[in-house]
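Lettering of chains follows the sequences in order, A, B, ..., and the numbering in each one begins at 1.
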Amino acid sequence: MTFGQLVRKNVVRQKRLYIGYIASSSVSVMILFMFMNFVYNPAVVGGYMPAGARMVMLVSGWLVALFSVFFIFYFHTAMLRLRGQEFGLLQVLGMTPKQMGRMVIRESAMIDGVALGLGLLFGLLFTKLFLLAVGDLLVLPMEIPFAVPAKSWLVTCIVFILIFALEGALMAFRIRRRGPKHLLFSSRSRQKPPHPSLLLAGLGVVCVAVGYYLAIAQSVRTLETLIGLVVIIALVVIGTYLIYTQVLVWVLMRLRGRVRTGVALLTVSRLAYRMKDHARALTVIATLSAVVMTGAGTMLGFLSVLKQGDVVRQPFAVMTWTNVNHPLSHTSADLAHQLNASGAKVTQELDATALAGTLQKGTGQRGVYPVSVVSRSTFQRFVTAIQSAHKQVAYMYPDVPKLAVGHALYVASFPVTVPNEFHDTQAKLTVGRDNAASVVVDRQISERTFNFGTTAISDNLLVVSDADFRHLKAIAPPASIWTAHAFTVANPTKVPATMKQQFPSSQVNVAEPTDQSLVGLFSTMIFSGMFISLMMLLACGNTLYFRLLNNRAEDGIQFRALRRIGITHRELGRVLTVEFSVMFFFPFVLAAMHAIVAMIDFRHVLALPGRLWPVSLAVLLAYLAFMVIYFIAARITYPRQLHIDDPRRAR
Amino acid sequence: MPILTANRLVKVYGGEPGAQVRALDGVDFAIEPGEFVAIMGPSGSGKTTLLNILAGLDKPTGGQLVVDGQSVETLSGDALALFRRRKLGFVFQDFNLLDTLTLAENVALPLTLDKYPAREVHKRVEDVMARLGLQESQRRYPYEVSGGQQQRAAVARAIVHQPAIVLADEPTGNLDSASARTLLETFSSLHESHGTTLLMVTHDALAASYSDRVFFIQDGKVYSRLDRDGPRESFFQEILHTLSVLEVKCHDIRPTRP
Ligand SMILES: Nc1ncnc2c1ncn2[C@@H]1O[C@H](COP(=O)(O)OP(=O)(O)O)[C@@H](O)[C@H]1O
Ligand SMILES: [Mg+2]
């Protein structure tokens, strides 16, 4: 046997150790390769693609590479740590530090080579499917032709060879500096009982709480700067770590004094003693999981909001504006006739009178708001019409309260960009040129009741009491009195395309579905995000896998000893079930909490109307399902690997 | 000329003066080539510490250690690794075979590290394993054979490169009594017919009775030594006797200690 053979045998016969690492790395390679196959596809480079799609994929590719760096380093370190005993022995037998480094480099070259090869192979296999899916999402008129350009081979190989070479060299360097001390003759490290500190436990809870508070309550203000974001993340990560090492251990030690049965005692004390070892891995898992769930949840949620947004931006199928100076060439009866003739079928027809005016808050230029003044009853009619025409968004259009004389509501039609400016605010309302009247604007509501896109009159409304409105209308100059006509229809897709061209664009709005290319682009982003999520999920799985491998030898010894004193398989099973549940689901609970907070925060920042929760929750559940499957698989296979009843492994 | 000389070896653990432990407190002894020496002592007496220092795995706080004419405490890095590789053989209490390698491959490890030609490796491994009765199990993996066989493979690994001295730490500690006996007989036959120099740490009087000489250590010092000059059975009785005397002394010195 030569040195090279030694290395090879060591790798080949420890497949189980490397499986997680290789799976993880090769999936990263595969994903980057597929992304690059899209980015450098001649049809994409040349062509008819929405310009952003290529960019999205390129950025996602870099993200994949970035995450790969972290994962590969992290997992290789974990793998080498698992083999501490082996390295110690080899050093005792006289392996020089230089040989040690060489061995690690050779091993890395082997497993990384396999990972790269497998990744490219699977990437090649799935590229066609991937291109099809992306083409579909982007609603392209034709398929993206299959191609595996030389550039994408090159980029993928260079990126990963660079990462692998770097990490191989670093690992070799680290292993060389390690002494054989930890394999001193039969001296086993004694485990000290854990001493959780109440102070640190409190600090952990406080960290998480402050992080949450900053995220939810101070959302926009904290996130204005990147530092705010970093602070929140740091607080939550530190808090999570302390929750594992201190809070959880403290609870376990408390429990330990309480439990009665032997099995329960065994379970609790094993967990308490091991939690410090698990803490780092479990923090990584909780953080990764939170990132995945938040990312997937917000992205998918955002897409669904984007789709719901059609209605929210243009509640009426057709809307026209007219006044004495701007007559329309067609009457409303004419329009209704056209709509019915084309099969769109008018379901409701409304009209409204609105007065063009300005609202002055305080003094100076900044406080001037152009508004369209409508009466409360008119506004309510429109709200009612929307409620009945679009049941799915009815919750966003609550009924408006009756207004007292001299009181008004400000309706911001761009909830995304308009800050909340009115709150029992005294203001001066001018209709026409100079008939100033004083009003109290009770509050601001954010919704769009009149279609977006007509510029003849302001988008923002001021709702006043019916009595006030009658008075204002009486004194308003005729040029500032506008009449709106709105239609809801049964089949929005059948509204004739010619309808819009009959009027000046400032006076008409015909609802159109959200720009398909935007949805397509966004879907592509989510699609590539899914692959990154997949990488992260694998990384979580891998981290747990390493924890289990790490415990296995020790558990084998402990359980064989317990077996000798008569513990049953069922009892051992119970111990493992509880322990695995904590390892698999406790990070999930924390991560889910973090993710929910992040999504609340996201809602604030986005300030879009629409329901984010159903989709986001679905993502959490999908994640949980993954964890459950992994839990079951581990719980079933683990006991077998302990060889509890094998007398040969009696030590 | 002795193959191993320990001269006033001192080992102090811990930094601060209050928390210091003098694990070795001036240990002196010498081992001649071809000797089989046992070191006995109660738990915590410093046996493992001594062995670690002899193996170059740990540095003594004071004193000199010379193995095969080489002053060990002056070595470091690659030189120390090469010293271990060529001059020493190790047998551990828990075998420490690599699960990924067959028994034969495990035995070949020290030669592999030294880049011996493949044929030479093969020949030597065959040879040693045959001598230890492991011909049948060469291609087996450690977890496929009994503890006794694993330990014999570990012994084969310790002698395959013909080291100056073999160090064994409680080699029978994890074996049943039949396997322990077989192993000890292997040791004495290696010693008698091949002149292998052996240093074995044990707290089992039976194991110690296979050696030529026993050093008793207590509180980091060599307390007494016993040379064998007769059949093994009577040496065994002598060892037991010495141990009982030591125990009484112990109690005299530190009556409060449990
Ligand atoms: N790494 C260490 N740090 C501090 N004290 C140690 C260490 N290793 C051993 N000791 C102490 O040195 C003494 C001798 O230990 P050891 O050599 O392991 O004895 P033995 O092997 O005979 O049981 C003991 O009191 C032990 O507690
Ligand atoms: Mg010891």
**Q.** chain A contact via B:R86 - which portion, at a heavy-atom distance below 4.5 Å
**A.** neither
(Q) Is B:Y141 close to chain A through its backbone or its side chain, or both, or neither, when contacts mean heavy atoms under 4.5 Å? (A)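 The side chain, not the backbone.
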Using a cut-off of 6.0 Å, state whether more than 12 heavy atoms not belonging to [X] lie near its atom [atom1].
X: B:K221; atom1: NZ; result: no
X: A:R280; atom1: CZ; result: no
X: B:R181; atom1: CZ; result: no

**Q.** Worked check of side chain to side chain contact (heavy atoms under 4.5 Å, CB included) between B:T100 and A:K15
**A.** CA-CA 10 Å; B:T100 51; A:K15 283 182 238 75; over 6 Å; no
Q. Which region of A:R83, side chain (C-beta onward) or backbone (N, CA, C, O), has a non-hydrogen atom less than 4.5 Å from a non-hydrogen atom of chain B, or is it both or neither?
A. neither
**Q.** Minimum-distance pair of heavy atoms, taken over all atoms of A:G94 and B:L113
**A.**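 Looking at all heavy atoms of both residues, the closest pair is C-CD1, 4.2 Å.
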Q) If you count heavy-atom pairs under 4.5 Å with chain A, which of B:L111, B:V125, B:L109, B:D114 comes out on top? A) B:L109
**Q.** Interatomic distance, A:E86 atom CD to B:L101 atom CG [nearest 0.5 angstrom]
**A.**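 If I round to the nearest 0.5 Å, the distance is 8.0 Å.
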(Q) Within this structure, what is the OG1-CD distance for the pair B:T112 and A:Q5, rounded to the nearest 0.5 Å? (A)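 If I round to the nearest 0.5 Å, the distance is 8.5 Å.
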Q: Please step through side chain to side chain contact (heavy atoms under 4.5 Å, CB included) for the pair A:L89 and B:F92, ending with a clear verdict.
A: CA-CA 10 Å; A:L89 175 71; B:F92 304 88; 3.6 Å; yes
Q: Verify whether one side chain among A:Q91 and B:R85 offers a donor that lies under 3.5 Å from an acceptor in the other.
A: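 Absent: no donor and acceptor within the cut-off.
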Q) Where do B:R84 and A:L93 land on the side chain to side chain contact (heavy atoms under 4.5 Å, CB included) test, with the steps shown first? A) CA-CA 6 Å; B:R84 275 202 296 272; A:L93 293 183; over 6 Å; no
